[in-house]
Amino acid sequence: MAHIKDVLNSMDYGPAPEGNEHVVAWLETHKAGFGHFIDGKFTDPGAGKSFKVTNPADGKLLARVADGSAEDIDRAVSAATRAFKSWSKLSGHQRGRYLYAIARNVQKRDRFLAVLETMDNGKPIRETRDIDIPLVARHFYHHAGWAELLESEFPGYRPVGVCGQIIPWNFPLLMLAWKIAPALAAGNTVVLKPAEQTPLTALAFAEICREVGLPAGVINIVTGEGDTGAALVAHEGVQKLAFTGSTDVGRIIRTATAGSGKKLSLELGGKSPFIVFDDADLDSAVEGLVDAIWFNQGEVCCAGSRLLVQEGIAEKLYAKLRARMETLRVGSPLDKSTDIGAVVSTEQLERITSLVEKGRAEGAEVFQPSIAIPGTGTFFAPTLMTGVEPASTVAVVEIFGPVLVAMTFRTPDEAVALANNTRFGLAASVWSENISRSLDVASRLKAGVIWINATNLFDAAAGFGGYRESGFGREGGREGLFEYLVLGDGKPKGKTAAMGALVAAPSATAEIVAIDEVDRTAKLFIGGKQARPDSGYSYAVTSSAGKQVGLAGLGNRKDIRNAVEAAGKAEGWGAATAHNRAQILYYLAENLSSRSEEFEARLRAMTGASKRQAAEEVAAAVRRTFFYAGFADKHDGAVHSTKSRHVTLAMNEPFGIMGVVCPDEAPLLGFVSLVMPALATGNRVVAVPSSRYPLAATDFYQIVDTSDVPDGVLSIVTGNAAELAKTLADHDEVAALWNFNSGVDAALVDKASSGNLKPVWNGGSPDWQGGDAQGREYLRRATQVKNIWVPYGE
Ligand code: NAI
Ligand code: MG
């Protein structure tokens with residue numbers, strides 16, 4: 001027993017362990033192991049293979065858990081399919097009641113869940129108790145509200161169906177909540193696979209589902225490893241997949257689901273910058289860094305793992321940081337005064353260790369404080385690496401451990417360039433007492449979540465998700481619900497569409513003509529100029545009656561690359577005011593209107609449409625252009641209701657450069673319906689018109705030319721739509737792709753898009769004259785939400 005005098009002298013913390021008897025007793029009752037939770041019942045733990053789940057803090061066995069086979073997945077999907085019939089028909093109010101009940105039960109068991117999570121994952125009890133579990137309850141409450149409001153707030157939308165959800169080990173129950181709460185609120189049913197390292201709170205959650213009387217099959221939990229996840233991904237009965245985890249596996253899932261029509265959201269890795277300007281409050285910034293990189297052992301997808309500090313204050317900040325690191329406490333996760341617990345597994349510990357060694361070998365200076373680190377268990381000391389080059393491994397790859405790498409910059413421009421110099425784009429943190437500088441930098445960062453003078457803030461009302469290779473889709477808030485809904489009847493369109501069987505001409509039999517022979521070829525339109533196709537060839541455009549009506553350029557990869565390069569130089573379009581864009585689109589609409597007759601004649605010659613049909617198509621194209629001109633300054637963001645004394649701005653930002661592959665049917669109206677919303681929201685567009693009937697789109701360049709559209713904002717490349725679509729999907733600078741050409745294989749573009757993980761919308765063939773070919777859905781799909789958190793108060 002220490003004397004009080006000694007304690008006061010040393011100011012050491014005594015041990016403050018959280019009791020875990022209730023969890024130990026619960027595990028004891030499951031000594032025989034855990035089965036899967038399928039169709040409202042736990043399966044026999046003795047059936048089939050199983051694996052061990054251990055406590056990383058001491059390596060001791062916690063439980064044995066069933067290892068899900070493809071048959072287990074199949075049974076779970078069948079149960080979810082059956083349950084969907086009645087669950088999706090309940091009123092939002094009825095579903096909301098279940099979600100409230102879940103939220104209340106999570107709160108009732110909060111201490112149990114916090115302790116269990118800490119034992120399974122190794123994270124400090126302070127975090128599971130104060131952050132993970134309260135946020136879990138918050139998510140269910142928030143989405144109980146959405147269930148209630150669904151019919152009035154999302155008219156015309158329906159649930160997707162059976163959702164397959166695969167989650168990682170870093171926030172096991174929280175990731176479950178982020179996925180299950182919106183899925184259920186929207187009327188879907190779920191098969192969820194927890195991470196193999198941390199399946200226990202998901203199984204405890206299954207017990208909660210039983211307690212609240214959730215109908216059988218609405219939630220199914222199948223435990224297992226990567227191959228269990230892969231079986232879920234492959235299952236034909238799944239209509240939607242939601243994944244959080246590594247970018248590598250995200251890419252595998254993108255490829256595996258290519259062409260399946262499954263809705264997909266991916267929340268992947270990051271290498272998020274933490275930017276400190278010389279006018280920042282340095283002491284606050286140091287506390288911010290503690291929360292950015294030593295929260296959850298740094299095993300956080302949005303961890304502020306790249307410190308970018310303005311040169312003049314770098315040494316001062318490092319000194320303060322090193323001093324603060326000396327006071328961090330690494331130790332038993334169940335101890336209430338532990339700051340940093342155990343890393344999740346020995347594999348993860350080895351990965352962190354080897355990356356730090358790599359950094360050292362590459363010339364970084366490695367600092368670790370002289371604090372006590374437990375001798376057993378998977379603990380890793382908080383680490384600061386300075387003198388790191390932007391191109392070195394540790395500055396580029398996600399370490400997913402308590403390791404901060406630091407670099408310096410001189411000017412705000414350089415800070416932005418360094419911050420964006422990554423393939424990821426999940427989060428960023430900006431520290432400056434100058435609000436105008438902070439918001440300016442926030443607007444220029446390519447990331448889904450930006451915290452100003454703060455870090456790692458989360459709330460169910462604000463969407464969370466990435467730009468670029470950090471994935472696509474959002475979790476939380478209104479924006480997150482769209483991931484679990486489909487517009488209209490929800491039936492995939494395209495294959496059964498009236499003209500869906502059209503070939504993606506030019507076909508092998510199309511006549512290919514060298515351009516020099518005939519010079520009445522419609523050229524490509526690239527960077528504001530007419531351009532000859534790189535191939536030097538054009539192809540014959542034949543009418544539906546088989547008569548040659550003109551020649552179109554046979555564009556290739558090189559032409560697409562040139563168009564993308566030209567779009568890259570037209571960055572000003574996204575930064576222009578929405579009013580400016582609106583004016584230009586009005587001008588486009590007027591110019592199109594004044595040349596209606598030419599376009600009507602062109603359509604008639606190509607498609608054999610009647611005079612009335614052609615006139616209707618042109619008139620609709622004019623109206624649609626006016627529609628998006630009108631909308632250009634009305635696709636507003638929101639201020640989310642998150643925490644008190646915070647403004648959380650949800651900004652709808654353009655993707656940047658979009659590829660748009662247009663349909664053969666409605667050659668003018670289809671083109672306009674897709675290009676205009678993309679332009680209105682500030683994107684630059686590389687459009688591939690109908691291959692079969694490209695001439696209405698190539699005539700369109702004259703309209704563009706006379707309407708003050710800046711060079712490079714819209715390029716038009718004709719040719720084989722499938723080949724050009726694949727090139728767009730492959731291209732790393734193309735940030736999003738819409739494919740509405742039913743002759744272009746969705747699988748082909750989906751697969752090719754996995755390089756930079758751009759979102760792809762295979763839109764099928766809407767009724768182009770009708771209401772589902774225009775509206776907010778198109779604006780929403782042309783933008784990504786950036787949430788900027790601005791705390792206020794002294
Ligand atoms: P992982 O991506 O392999 O695991 C995440 C989940 O995916 C787990 O449930 C796993 O069983 C499942 N899975 C694995 N292979 C699959 C497949 N082929 N098909 C379907 N599901 C599959 O991540 P892992 O191996 O645990 O960690 C490796 C690295 O990934 C970490 O060091 C970290 O850098 C990153 N990571 C990022 C996370 C994030 O939140 N962004 C979370 C976890 C890991
Ligand atoms: Mg474990």
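Both ligands and their constituent atoms are indexed starting at 1 by order of listing.
Residue-ligand proximity, G226 to ligand 1, at heavy-atom distances under 4.0 Å covers atoms 11 (O), 13 (N), 14 (C), 15 (N), 16 (C), 17 (C), 19 (N), 20 (C), 21 (N), 22 (C). Close approach of ligand 1 to R351 (heavy-atom distance below 4.0 Å) involves ligand atoms 32 (O), 34 (O). Here is the list of ligand 1 atoms found below 4.0 Å of a heavy atom in G269: 41 (N). Close approach of ligand 1 to P168 is summarised as follows: ligand atoms under 4.0 Å from at least one heavy atom of the residue are 42 (C), 43 (C). Close approach of ligand 1 to E398 (heavy-atom distance below 4.0 Å) involves ligand atoms 33 (C), 34 (O), 35 (C), 37 (C). The distance from ligand 1 to the heavy atoms of I167 drops below 4.0 Å at these ligand atoms: 6 (C), 8 (C), 9 (O). Ligand 1 places these atoms under 4.0 Å from at least one heavy atom of A195: 9 (O). The A230 neighbourhood of ligand 1 comprises atoms 19 (N), 20 (C), with distances under 4.0 Å to a heavy atom of that residue.
With a 4.0 Å cut-off on non-hydrogen atoms, N170 touches ligand 1 through its side chain and not its backbone.
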Margin query: salt bridge (Lys or Arg N to Asp or Glu O under 4.0 Å), that's the test. Do R360 and E357 meet it? Break it down for me.
Written below: CA-CA 5 Å; R360 204 192 296 275; E357 286 322 309; 3.1 Å; yes
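Checked against a 3.5 angstrom limit, the closest N/O atoms of Q348 and ligand 1 fall inside it.
For R423 and D732, the salt-bridge test passes: some basic side-chain N is under 4.0 Å from an acidic carboxylate O. Checked for salt-bridge contact, E469 and R251 meet the test: a charged N lies under 4.0 Å from a carboxylate O.
No more than 12 heavy-atom neighbours from other residues, nucleotides or ligands sit within 6.0 angstrom of CD on E389. Counting heavy-atom neighbours within 6.0 Å of K262 NZ, excluding the residue itself, gives a total above 12.
A heavy-atom separation below 4.0 Å is found between F243 and ligand 1.
For the pair R138 and Y141, the cation does not sit on the ring face, since its NZ or CZ is not both under 6.0 Å from the ring centre and inside 45° of the axis.
Of all protein heavy atoms, the one lying nearest to atom 29 (C) of ligand 1 is S246 CB, 4.1 Å. Summary of contacts: the protein heavy atom closest to atom 39 (C) of ligand 1 is C301 CB, 3.4 Å. Scanning all protein heavy atoms for the shortest distance to atom 10 (C) of ligand 1 gives E196 OE1, 3.5 Å. Counting only heavy atoms of the protein, atom 27 (O) of ligand 1 lies nearest to W169 NE1, 3.9 Å. Among protein heavy atoms, atom 18 (N) of ligand 1 sits closest to I252 CG2, 4.1 Å. Protein heavy atom at the shortest distance from atom 16 (C) of ligand 1 is V249 CG1, 3.5 Å. The nearest heavy-atom contact from the protein to atom 12 (C) of ligand 1 is I166 CG2, 3.7 Å. Scanning all protein heavy atoms for the shortest distance to atom 33 (C) of ligand 1 gives F400 CG, 3.3 Å.
Among all heavy-atom pairs drawn from K263 and E483, the shortest one is CE-O, 3.1 Å.
Ring geometry for F42 versus H30: interplanar angle of 30 to 60°, hence tilted.
Ring pair W178/F171: centre-to-centre distance not below 6.0 Å. F34 and F51 have their aromatic ring centers separated by at least 6.0 angstrom.
Within a 4.0 Å radius of atom 4 (O) of ligand 1, the protein has no heavy atom. Of the protein's heavy atoms, none falls inside 4.0 Å of atom 25 (O) of ligand 1.
Residues L321 and F367 form no side-chain contact, since every pair of their non-hydrogen atoms from C-beta on lies 4.5 Å or further apart. By the 4.5 Å heavy-atom criterion applied to side chains, I125 and T338 are not counted as neighbours. Contact of the E117 side chain with the P172 side chain is registered, since non-hydrogen atoms from C-beta on lie closer than 4.5 Å.
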